[in-house]
Amino acid sequence: MGIEARGIGKRFGDFVALENIDLTVRTGALTALLGPSGGGKSTLLRIIAGLEKADSGTVGIDGRDATSLPPRRRDVGFVFQHYAAFTHLSVYRNVAFGLEIRKRPKDEIRKRVHELLELVHLEQFADRLPAQLSGGQRQRMALARALAVEPKVLLLDEPFGALDAKVRKELRDWLRRLHDEVHVTTLFVTHDQEEALEVSDEIVVINHGRIEQIGSPDELYDKPINDFVMSFLGPVTTLDGRLVRPHDIEIFTAPVPDAIPAEVTRLQRVGFEVRAEMSTPGGDEDGTWVQLTRGQSESISLDEGSRVWLLPAPNSTSIAVPT
Amino acid sequence: MTAQLDEAPVADASGAGVASTRSTKVKKGLPLGSASASSLGVIVLWMSLLVLLPLAAVLGKAFGSGWHGFTAAVTQPATASAIKLTVVLAVLVAIVNCVMGTLVAWVLVRERFRGSSLLEFVIDIPFALPTIVAGLVMLALYGGDHPFGPYLVGTRTGLFVTLLFVTLPFTVRTVQPVLLDLDRDAEQAAASLGASAPSVFRRIVLPQVLPAMASGAALSFARALGEYGSIVLISSNLPFKTEIASSIIYGKLQDADHPARSTQQAAAIAAILLLASAIVLVILDLLQRRVARRG
Amino acid sequence: MADLALTPVGAPAVTPSPARRRERITATSVGLRTAAIAYVGILVLLPLALLVYRTFQPGLTEFFNALSDPYAVHAFQVTAVVAGSALAIDTVFGVAVAILLARYRFPGRRLLSAFIDLPVAVSPIVVGLALLLVYGPTGWFGPYLESHGVMVIAAKPGMVLATAFVALPLVARAVVPVLEQAGLEQEQAAASLGANAYTRFVRITLPTIRAALAYGVVLTVARCIGEYGAVLVVSGNIQGTTETAALRVGNLIETDLNNNAAYAVAFVLVVIAVAAILIGAFIRRRKRI
């Protein structure tokens, strides 16, 4: 149920956007499609919505084959990065649009629209034009508009991509809470790993038109299947020829077995954290950097020029650096 | 759900400030300095000598012998018939041009195909062509002595087709940029909300291009109202049939027997055309301001 | 009122993005294309093709004879002088107005902006009549000017006025949006670096508006060369004296009944018009205006 995409392929001329994609989105879950831009994630979302036609494969939505259905018969709500507001219609009429198309009774429309405007905190803006709203408000309006027709699935294409950092963060938290209330099957595209890790129940990592890995945020962070997934989901550095998370490196001030000797070349404080750049003689070309808290750094009186020994933390994730 | 969201109405939500970036730029305009003030003076003087005084002279002459003189001039049967024909033709031309121009603009923007750049080029020809040459172009096809093309000299159909020819670019060129600027996502959003293609056009596209269509129609109307050069060859100036307002004015000016009276009559007809142009300009301005407000 | 002067706003150079892909052609699409092509083809292309055919049907000798006729040569000379003078006036005027409208705030700014557009909405015959009433022998200033030896009507000054009138807003309307787009910062930066008004205009403003100005000039040239109605009224239409090329086309058909010669002169004007469109399109494509 939810969304079932099978064997989806799509080319633009010589460029392979998607290659044989199989994807299942669980009913009621909030799933993120994560990957670098140009990786094919938006194309996949648009194919699911019917806004783009796949060269091959099938799309099932809520147990129904939707492959050859036009977008308007797919029962999906779609939210665009740049809001796609109907600029000539008021906020109220924007949200009411899908219901008006379905020729619902006026009273029902009014009731439903007001519920939704309340849900997205835009009650007092009902009569404004979209141009009179901020970006965050416009996107909330777009979300209400998509939810108005009670879609089987909600698809969001980089919904917070056009917003500034603070509004982005607020909306992200809010989307999570909204989803916990509404429980509509949701698939959203993002290139921001933090966003994906924070909000979603499940993450699908897409790169170069292929699915790299599917799993819960924890699984992906802790057990990345390859170096791409590992480095895309969080900071990485190299230690002794392996990719490691910089907060997964232990620093010793005296030699311990198997530890790698290093010298601190630069200490940089960023708020509560300290980044220590190391040179490991004969070791990793690009050097290693370690992330510590300020307290850790002070307790071992780390300083530029300090000689230290480095060891990956027990049970930490590491992957051989691809050659 | 969340309290912090309610403080989201960000700086630009005040309404007025977001109308358009252009208006904010203009508001930053400089105050006049001595150099710019004097060039403004020269410009106003030149405008007065070239445009304002002459147009005022037309109105002065038209109403110089009182309201009665004006009405007497424009109610002469041949004159009244010509004015009526001119206005009716201009309205019809504006309507047809509005519909066909929008269609052509749509095809140019949404249906790029082999040869669409040729189409693009041909659209501009009527605008760049001297009006008398446009008239000759029409005569070449509709002037007879060849196998195809109906003979339209001295017919109202001939006038109509010629006016469609000279006004062709107006709606196309006002609607085209608006179509190009349309947010295609909004159309897709409407489709995913259940709207069929005709419904998307009617509910999303049409309301947004309507002001541009009206502008194009208004421009076509103004042009058709005052057109002379392209009409003169095909009309044959048949009173009560194909004589239009501009032809009557010109005819009056050629009258050597009663120059003073004829000039007054010509000015009276001209005043009507001027009034119509002024109304069209005001409508255009209102339309533009409405569009600017939407942002 | 900015973009709505009777200038063709023009093909805003569409470059197909790489992501643009050939969509499947639907029946609606075929219908729309056919309708558009048929409408433009029958309305414009077909008669234009016939004009070209009729121009050359009598043979090249007759074509060149018509053009080398002394009256024809003189008419082209008059057109060049009148159009050239009007172009110079309208260009200077247009740039000055554009700078004032785009850069300065002053009372009556909106009114000035509205009046600039007035000439394009006025019938050419009315333009001629209006000038006649002020500068004609019985007009407001005519007798005074005449007594000082200045002939305006039935002479070149009147024709220049009429031509300048009808093409008045074209340069200003092309330049204003570009100046508004560019904003004030560059000029303010130049001023802070010690540039005076003249240097700022030559080094900053002029390069900024160069393409738009060129486009406006092209439009103005096309309009000036072709003006008929207004010039007809003020020129007196005297063969060999005030007859322009456009007037000659009309005269050849109506009085001389020499259609072949009319087609020949008209053909030259068509070539100029087509060249103007192509140059205009080229400028727009290069500069994206």
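Numbered from 1 within each chain, the chains take letters A, B, ... in sequence-line order. What you see below is based on every heavy atom in this structure, not just the backbone, and it leaves out hydrogens, waters and symmetry mates.
Under the side-chain contact (heavy atoms from CB on, under 4.5 Å) rule, L129(B) has a single partner from I277(C), V274(C), V44(C), L48(C), which is L48(C). Checked options T55(C), L51(C), V270(C); the residue passing with L136(B) is L51(C) (criterion: side-chain contact (heavy atoms from CB on, under 4.5 Å)).
Proximity of E254(C) to L233(B): side-chain heavy atoms (C-beta onward) are separated by under 4.5 Å at one or more points. L133(C) has its side chain within reach of T263(B): a pair of non-hydrogen atoms, C-beta onward, lies under 4.5 Å apart. Between L164(B) and Y39(C) the shortest side-chain heavy-atom distance falls below 4.5 Å. Put simply, the side chain of Y135(C) reaches to within 4.5 Å of the side chain of L49(B), judged on heavy atoms. Under the 4.5 Å side-chain criterion, counting only non-hydrogen atoms from C-beta, L278(C) is in contact with F121(B). You'll find the side chain of Y228(B) reaches within 4.5 Å of the side chain of L232(C), heavy atoms only.
Heavy atoms closer than 4.5 Å to chain B are found nowhere in L247(C), neither backbone nor side chain. Looking at I89(C), only its side chain comes within 4.5 Å of chain B, counting heavy atoms on both sides. With a 4.5 Å cut-off on non-hydrogen atoms, L118(C) touches chain B through its backbone and its side chain both. Only the side chain of I253(C) comes within less than 4.5 Å of a heavy atom in chain B; its backbone stays farther off. When heavy atoms are compared at a cutoff of 4.5 Å, Y53(C) does not approach chain B at all. Contact of A281(C) with chain B is not made at all, since no heavy-atom distance falls under 4.5 Å. Both the backbone and the side chain of Y263(C) come within less than 4.5 Å of a heavy atom in chain B. Contacts between I116(C) and chain B at a heavy-atom distance below 4.5 Å involve backbone atoms as well as side-chain atoms. Of the two parts of V107(B), only the side chain, counted from C-beta on, holds a non-hydrogen atom closer than 4.5 Å to a non-hydrogen atom of chain C. Only the side chain of L52(B) comes within less than 4.5 Å of a heavy atom in chain C; its backbone stays farther off. Looking at P119(C), the atoms closer than 4.5 Å to chain B (heavy atoms on both sides) all sit in the side chain, from C-beta outward. P31(B) touches chain C through its backbone: at least one of N, CA, C or O sits under 4.5 Å from a heavy atom, while the side chain does not. Contacts between V172(B) and chain C at a heavy-atom distance below 4.5 Å are absent for every atom of the residue.
Here the closest non-hydrogen pair linking A121(C) and S277(B) is O-OG, 2.5 Å. The nearest pair of heavy atoms linking R33(C) to E111(B) is NE-OE1, 3.0 Å.
Considering only heavy-atom pairs separated by less than 4.5 Å from chain C, the leading option among L273(B), L118(B), V122(B), T162(B) is V122(B). Interface summary for chain C: among S36(B), G135(B), A271(B), the most heavy-atom pairs under 4.5 angstrom belong to S36(B). Residue with the most contacts toward chain C among A266(B), P130(B), A140(B): A140(B) (heavy-atom pairs, distance under 4.5 Å). Contact tally against chain C (heavy-atom pairs below 4.5 Å) for P54(B), A278(B), G226(B): the top residue is P54(B). In terms of heavy-atom pairs under 4.5 angstrom with chain C, the leader among T131(B), I249(B), V133(B), V51(B) is V51(B). Taking L129(C), V233(C), V134(C) one by one and counting their heavy-atom pairs under 4.5 Å with chain B, the maximum is reached by L129(C). Options L100(C), V249(C), I37(C), V218(C) differ in how many heavy-atom pairs under 4.5 Å they form with chain B, and the most are formed by L100(C). Comparing L32(B), L119(B), L253(B), I132(B) by how many heavy-atom pairs each has under 4.5 Å with chain C, the most go to I132(B).
Atom CG of L55(B) and atom CZ of F165(C) lie 4.5 Å apart (nearest 0.5 Å). Note that the CG atom of L43(C) and the CE atom of M138(B) stand 5.5 Å from one another [nearest 0.5 Å]. Between atom CG of residue L40(B) and atom CG of residue L112(C) there is a gap of 6.5 Å, rounded to the nearest 0.5 Å. Here the CG-CG distance, from L50(B) to D90(C), works out to 8.0 Å after rounding to the nearest 0.5 Å. Considering CH2 of W106(B) and CG of L32(C), their distance stands at 8.0 Å, rounded to 0.5 Å. Distance check: Y228(C) OH to E227(B) CD gives 11.5 Å after rounding to the nearest 0.5 Å.
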